[in-house]
There are 2 protein chains.
Amino acid sequence: MAGEDVGRFTFDPAPVQRTHFEKERLRVKAVKHKPGHVTLLDIARACGFSVSTVSIVLSEAPLSRNVAVKTRERIRAKARQLGYHPDAYARSLRRRRSQTIAVLAYDLSDPFCFPILRGIQSGLHPAQFRPLLMDAETERKLFDSYLKMILELRAEGLIVIASWVFEETNLLADMEKNHVPIVIVGRDLTPSKISSVLVDNEAGGALAMRHLCALGHRKIAVIRGPAELFDSAPRWAGVQRAGAEAGIRIDPRLVFQLPGMVDPASGFEGGRDFARQILASGRACTAVLAFDDLTALGVVRGLNEAGLRVPEDCSVLGFDDVLPAAMATPGITTIRQPLAEMGSLAAQWVLEAIEARESGRQKAPQLYKARPELVVRMSSGPPP
Amino acid sequence: MAGEDVGRFTFDPAPVQRTHFEKERLRVKAVKHKPGHVTLLDIARACGFSVSTVSIVLSEAPLSRNVAVKTRERIRAKARQLGYHPDAYARSLRRRRSQTIAVLAYDLSDPFCFPILRGIQSGLHPAQFRPLLMDAETERKLFDSYLKMILELRAEGLIVIASWVFEETNLLADMEKNHVPIVIVGRDLTPSKISSVLVDNEAGGALAMRHLCALGHRKIAVIRGPAELFDSAPRWAGVQRAGAEAGIRIDPRLVFQLPGMVDPASGFEGGRDFARQILASGRACTAVLAFDDLTALGVVRGLNEAGLRVPEDCSVLGFDDVLPAAMATPGITTIRQPLAEMGSLAAQWVLEAIEARESGRQKAPQLYKARPELVVRMSSGPPP
DNA sequence: ATGTTTTATTCAAACGTTTGAAACCTTGAC
DNA sequence: GTCAAGGTTTCAAACGTTTGAATAAAACAT
């Protein structure tokens with residue numbers, strides 16, 4: 001009995017642990033001038049409150065309603081004066097939230113990516129999420145290393161901009177395993193249960209073809225996209241369908257195929273080569289339906305080099321409506337993808353998926369095919 | 001004397017703290033299925049070692065040499081199997097390093113930014129730093145909020161791509177206060193003690209002017225950049241110098257000034273307007289020296305709309321060598337900025353500054369003016 | 001046997017935040 | 001003079017990782 005009491009009243013009962021306060025005091029002495037950033041503790045010391053109070057005030061936690069107004073002001077002032085910025089790492093660690101959504105583009109240098117990016121950003125800004133931008137530079141290795149990084153940075157969602165280069169292999173496994181919601185822009189991956197936003201390529205192809213037919217063209221050359229590229233097939237299908245509807249048989253000898261691209265700008269050279277080839281072959285055509293805008297620009301260049309003018313001698317159509325197409329002279333008639341809208345829809349979907357996961361629900365993968373739009377500029381006209 | 005000993009031998013000396021082991025055991029029972037990511041503890045439990053050992057092995061710390069090979073393998077296998085990825089937040093918090101360099105662009109949609117970005121990325125990749133890409137979208141508010149974010153995310157360095165929009169006001173204060181090294185690309189801020197990488201605008205302007213003079217042009221119109229833009233003045237100075245050297249007086253009535261830009265693409269409209277104005281005024285010129293490529297493209301468009309051809313009736317020069325200038329037909333003769341090299345130099349400088357700071361030294365701000373290069377394409381030729 | 005080194009593993013204290021629970025004042029009521 | 005209520009502030013335990021110091025076990029020499 002006495003033994004128990006002694007235990008409680010001993011003068012020096014095995015000093016197992018220092019109190020928090022003691023630890024803080026020690027630190028005050030130990031650290032002379034911190035090389036790093038200013039912390040809550042610095043502020044707490046500077047104005048005589050505990051770290052807790054300071055935290056509560058500065059993070060505007062619900063509890064801060066209970067803190068005296070005078071105290072609040074004193075703390076805020078000190079924080080401002082010392083240039084305090086909360087440590088995102090400590091905060092995210094503790095809160096178990098990164099407030100981060102990764103945006104992984106297969107190649108930012110593709111003018112196609114920008115408007116999408118803008119859409120994503122505009123969709124993300126209102127929510128309290130910061131975009132984590134990454135550019136895979138069309139390199140598989142980089143792409144994978146970024147995916148690893150995304151997992152390590154505990155991104156709460158992922159938006160992939162990928163018209164190609166994107167093989168779902170490991171990605172799916174590891175992301176899925178960690179319950180990171182994914183949305184992909186520019187490709188249909190709903191078969192793999194990933195929400196997808198893309199343009200209706202089939203409709204776009206048809207739109208382009210109908211435009212040329214309406215202008216009176218009959219001999220139309222078509223440059224199909226590279227085989228690896230997901231967009232190529234449906235676009236071609238749409239072109240064929242519209243041709244059939246207009247009663248036009250597309251001469252197979254006027255159908256070309258872009259080689260596999262190594263970088264997005266290579267479409268330009270492809271288009272230029274095509275123009276040279278068709279002129280050399282002597283086969284006549286009054287219009288060229290190019291796979292995308294950069295290819296169309298290449299075609300214009302190739303035709304010009306041979307002394308042919310666009311659109312007087314030959315019409316040229318592009319696809320995507322990227323910046324260079326609008327700024328060239330003649331401006332390229334093209335099929336516009338509503339890229340910004342697509343981006344912001346992707347952002348919205350990711351946010352919804354995160355919210356759903358939060359409340360225990362599961363969001364079924366969705367698919368949205370944006371309606372393309374014909375933009376008539378100067379590169380198309382009636383046949384000569 | 002007895003009292004002290006009693007303290008040590010008491011049966012139940014106020015159980016002040018649970019041991020680490022106990023804590024872990026408790027957690028094992030408490031948490032059934034973790035909703036979040038798999039942690040070191042999960043792996044430790046799964047293969048019967050302590051968290052320390054697992055950490056040492058997986059992070060390949062120096063101590064891991066002492067860990068039995070068998071153990072190492074077992075741990076690695078388990079980590080792979082469970083899909084473990086170290087938590088960047090916990091790691092950075094503990095290591096007090098974010099391994100992150102922020103790259104803040106004033107407007108990613110400007111084709112001018114990309115090549116720089118690529119340069120930066122290529123300079124950063126070999127080092128163990130991840131770029132933290134941010135796009136201010138030409139909005140002051142966003143710019144500031146990103147700067148705040150950069151501080152919170154404890155970026156170890158900052159590269160700013162800013163030909164404009166960048167006012168150094170608060171930035172300097174807060175970044176400097178936290179010892180974050182800064183390099184700016186596209187503007188000389190060495191007066192504010194910030195290392196700067198930019199093109200030698202004066203030399204570029206002169207280069208362009210000399211090209212036109214050499215072709216035999218005498219009546220040369222010049223479109224000066226917007227006043228807010230830092231590049232405008234030195235470029236104009238170079239043009240004047242080269243003109244004087246060639247004995248050419250530039251007719252003040254042929255000198256125009258772009259209005260302040262709201263977005264990077266607005267140069268196009270500026271150039272187009274200019275062409276309309278000069279044609280309407282009836283003043284003759286045989287060449288136009290435009291402030292940048294986008295402006296040059298606008299001029300080409302404007303001239304074409306009036307029935308004038310480039311370069312037969314009038315030569316047009318650009319500046320920067322961005323993608324659309326190369327892809328237009330005719331290709332725009334321009335002054336190339338070695339953007340990629342500039343970007344990678346900026347990256348190198350930041351890395352050096354970080355290293356310097358690490359070893360207590362201080363790196364003096366540097367200035368590099370890249371040598372511009374004339375790229376002759378098809379938009380320039382002898383006067384008619 | 002006893003000490004010394006080597007090898008393999010773990011302890012416990014950080015890093016900077018957040019937050020449920022506890023403690024500390026006042027003040028007012030019985 | 002005790003109790004309760006309320007407002008204000010602090011405690012202490014997390015979050016997941018790293019790491020200097022400590023321990024345990026084995027190997028080796030004395």
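To find a chain, count down the sequence lines: A is the first, B the second, and so on, and within it residues start at 1.
- Nucleotide D/dT18 holds its C1' atom 15 Å from the CD atom of B/Glu60, rounded to whole Å.
- Atom-to-atom, CZ of B/Arg65 to P of D/dT19 comes out at 15 Å; the value is rounded to the nearest Å.
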Could you go over nucleotides 23-27 of chain D and give all protein N or O partners under 3.5 Å, atom names and distances?
none

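- In this structure, A/Arg95 and B/Tyr89 have side chains that are not in contact, with every pair of non-hydrogen atoms separated by 4.5 Å or more.
- Summary of the strand contacts: A/Ala90 and B/Ala68 both lie near DNA chain C, and taking for each the nucleotide with the nearest heavy atom, the more 5' one is attributed to B/Ala68.
- When distances run from any side-chain atom of B/Ser55 to the nucleotides D/dT19, C/dG16, C/dT9, the shortest one goes to D/dT19.
- In terms of polar N and O atoms assigned as donor or acceptor, the side chain of A/Arg91 never comes within less than 3.5 Å of the base of C/dT17 in a complementary pairing.
- Residue contacts for A/Ser92: at a heavy-atom cut-off of 4.0 Å it reaches no nucleic acid atom on any strand shown.
- Of all heavy-atom pairs between B/Val38 and B/Gly83, the closest is CG1-O, 3.5 Å.
- Taking atom CG of B/Leu41 as the reference point, atom P of C/dT10 lies 13 Å away to the nearest angstrom.
- If you check every strand for non-hydrogen atoms under 4.0 Å, B/Asn66 touches a base.
- Rounded to an integer number of Å, the gap from CZ of A/Phe49 to P of C/dC24 is 18 Å.
- Using a distance-only test at 3.5 Å, with no hydrogens or angles considered, no donor-acceptor pair links the side chain of A/Thr53 to the main chain of A/Phe49.
- Formation of a donor-acceptor pair under 3.5 Å by the B/Ser192 side chain with backbone atoms of B/Ile194 is not found in this model.
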* To do: Would you please test A/Arg357 and A/Glu352 for salt bridge (Lys or Arg N to Asp or Glu O under 4.0 Å) and show each step?
  => CA-CA 9 Å; A/Arg357 190 169 51 114; A/Glu352 284 171 10; over 6 Å; no
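- Using a 4.0 Å heavy-atom distance criterion, A/Ser59 is classed as a sugar-phosphate-only contact.
- For C/dT10, one of the phosphate oxygens OP1 or OP2 lies less than 4.0 angstrom from a side-chain nitrogen or oxygen of B/Thr53.
- B/Glu137 has its side chain within reach of A/His125: a pair of non-hydrogen atoms, C-beta onward, lies under 4.5 Å apart.
- Summarising the geometry, the separation between CG on B/Leu63 and C1' on D/dA21 is reported as 11 Å, rounded to the nearest angstrom.
- A donor-acceptor distance shorter than 3.5 angstrom exists from the side chain of A/Arg72 to the backbone of A/Val67, with no hydrogens or angles considered.
- Side-chain nitrogen and oxygen atoms of B/Tyr84 include at least one within less than 4.0 Å of the OP1 or OP2 phosphate oxygen of D/dT17.
- Ranking C/dT9, C/dT18, D/dC15 by closeness to the A/Leu93 side chain, first place goes to D/dC15.
- Proximity note for B/Asp87 (side chain, C-beta onward) versus D/dG16, C/dT10, C/dT18: the nearest is D/dG16.
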* salt bridge (Lys or Arg N to Asp or Glu O under 4.0 Å) assessment of B/Asp144 paired with B/Arg140 -> CA-CA 6 Å; B/Asp144 283 350; B/Arg140 175 76 184 160; 3.8 Å; yes
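- Side-chain polar atoms of A/Ser55 and A/Ser52 form no donor-acceptor pair below 3.5 angstrom.
- Between the CZ atom of B/Arg97 and the C1' atom of D/dT17 there is a distance of 16 Å, given to the nearest Å.
- Within the 4.5 Å cutoff, the side chain of A/Ser344 has no heavy atoms near those of the A/Ile120 side chain.
- Between C/dG16 and B/Arg96, a contact under 4.0 Å exists linking OP1 or OP2 to a side-chain N or O.
- Within the 3.5 Å criterion, the main-chain N or O of A/Leu93 finds no donor-acceptor partner in the side chain of A/Arg96.
- One atom, NE2 of A/His85, and another, C1' of C/dT17, lie 16 Å apart when rounded to the nearest Å.
- Nearest nucleotide to the side chain of A/Arg94, out of D/dT18, C/dG20, D/dA14: D/dA14.
- Look at CG on A/Leu40: it is 13 Å from P on C/dC15, rounded to the nearest Å.
- For D/dA12, the base has a donor-acceptor partner in the side chain of A/Ser52 [N/O atoms by modelled type, under 3.5 angstrom].
- Taking only side-chain nitrogens and oxygens, B/Thr71 comes nearer than 4.0 Å to OP1 or OP2 of C/dT9.
- Direction change of the helix axis from one end of the helix from C/dA1-D/dT30 to C/dC30-D/dG1 to the other is 80°, with five pairs defining each end axis (rounded to 10°).
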